[in-house]
Amino acid sequence: AHWRKRGRDPGTLCGFAPGTPMSPVRVYTVFHGNLDFSAIPDRDLPTVIERCYWPLLTLAEQARLPLGIEMPARTLQRVAREDPEWLKALRASIERGLIEIVGSGLAQVIGPLVPVDINRANLALGRDAYAALLGAPPTTWFVNEQTFSADPLPLYPFKFIIPLSGLLLLLQGIVEILRCVVCLRLG
């Protein structure tokens, strides 16, 4: 084996001796909600809250999983107007440490396409709206639709590569299934 050539014990390849306890793994996931740019009619908002937002709170409570929920403050305001009980349950889950709201501003804006002053105002208005609804602003923030680079490269137009890659993987999967069918038929 490769490790024998170098005179190493396989248990120390990653810097851990056999039997060394590992640190606990902390898992954290963030769910995104945004009602501003969806094609969901306003009349269906109660259904979205019932089928999408309530189950997140239920999951955190029943499974005792720490969850992050990122939604623009405008979405949080809309949900609070439509279902005030959801906001109360959210606040209770936050107080118990089961849910953390991840801030992202008043509205979800495409940061690179708007002036810096608008980005700053969006974050400040969002901070104030979160504080009004939740009693305090979020401590963790998410920057929407951002691309960072040392040089101002136009990376945003290349985001089409992600769905294109997904399409190619889908086609590869279909070909693999067809190949299996042929192999099964021909033995």
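Count residues from 1 along the sequence. Side chains are part of it too, since the values below use all heavy atoms of this structure and drop only hydrogens, waters and symmetry mates.
Among residues at least two apart or in separate chains, there is no salt bridge (Lys or Arg N to Asp or Glu O under 4.0 Å) pair with a member in residues 44-59. Applying the salt bridge (Lys or Arg N to Asp or Glu O under 4.0 Å) definition to pairs two or more places apart or across chains, those involving residues 96-111 are Glu61-Arg96. Applying the side-chain hydrogen bond (donor to acceptor under 3.5 Å, both in side chains) test to pairs two or more places apart or on separate chains, those with a residue in residues 82-91 are Trp54-Asp83, Glu85-Lys88. The ring-ring contact (aromatic ring centres under 6.0 Å, His included) pairs that include a residue from residues 168-187 number zero, where partners must be two or more places apart or lie in different chains. Residue pairs meeting the side-chain hydrogen bond (donor to acceptor under 3.5 Å, both in side chains) criterion with at least one partner in residues 161-174, sequence neighbours excluded, do not occur; the list is empty. Sorted by first then second residue, the ring-ring contact (aromatic ring centres under 6.0 Å, His included) pairs that include residues 90-114, not counting sequence neighbours, number zero.
With hydrophobic clusters built from ILVMFWY side chains whose heavy atoms lie under 4.5 angstrom apart, Phe31 shares a cluster with Val48. Taking hydrophobic clusters as Ile, Leu, Val, Met, Phe, Trp and Tyr residues chained together by side-chain heavy-atom distances below 4.5 Å, Trp141 shares a cluster with Leu90.
Nearest heavy-atom pair across Arg78 and Leu35 is NH1-O, 3.1 Å. Minimum interatomic distance between Leu98 and Arg64 (heavy atoms only, all atoms of both residues): CD1-NH1, 3.0 Å.
Residues satisfying the salt bridge (Lys or Arg N to Asp or Glu O under 4.0 Å) criterion with Arg74, sequence neighbours excluded, are Asp36. Partners of Ala39 under the side-chain contact (heavy atoms from CB on, under 4.5 Å) rule, at least two apart in sequence or in another chain, do not exist in this structure. Residues passing the side-chain contact (heavy atoms from CB on, under 4.5 Å) test with Leu133 are Leu76, Gln77, Ala80, Leu87, sequence neighbours excluded. For Asp117, there are no side chain to side chain donor-acceptor pair (under 3.5 Å) partners two or more places apart in sequence or in a different chain.
Interatomic distance, CD1 of Ile69 versus CG of Leu56, reported as 5.0 Å (0.5 Å rounding). To the nearest 0.5 angstrom, Leu168 atom CG is 4.5 Å from Leu164 atom CG. Note that the OG atom of Ser93 and the CG atom of Leu59 stand 10.5 Å from one another [nearest 0.5 Å].
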Identify every side-chain donor-acceptor pair in residues 102-113 under 3.5 Å, counting partners at least two apart or on other chains, and give the distances.
residue : atom : partner : partner atom : Å
Ser104  : OG   : Glu70   : OE2          : 2.6
Gln108  : OE1  : His32   : NE2          : 3.4
Gln108  : OE1  : Asn34   : ND2          : 2.9

Please output the side-chain donor-acceptor pairs of residues 174-187 that fall under 3.5 Å, not counting sequence neighbours, one pair per line with the distance.
none

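Judged by distance alone, the side chain of Thr75 and the main-chain N or O of Met71 form no donor-acceptor pair under 3.5 Å.
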Begin from the C-alpha positions of Thr139 and Ile101 and carry the test side chain to side chain contact (heavy atoms under 4.5 Å, CB included) through to its verdict. CA-CA 8 Å; Thr139 56; Ile101 288 293; over 6 Å; no
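Side-chain contact between Ile40 and Leu45 is absent, with no heavy-atom pair separated by less than 4.5 Å.
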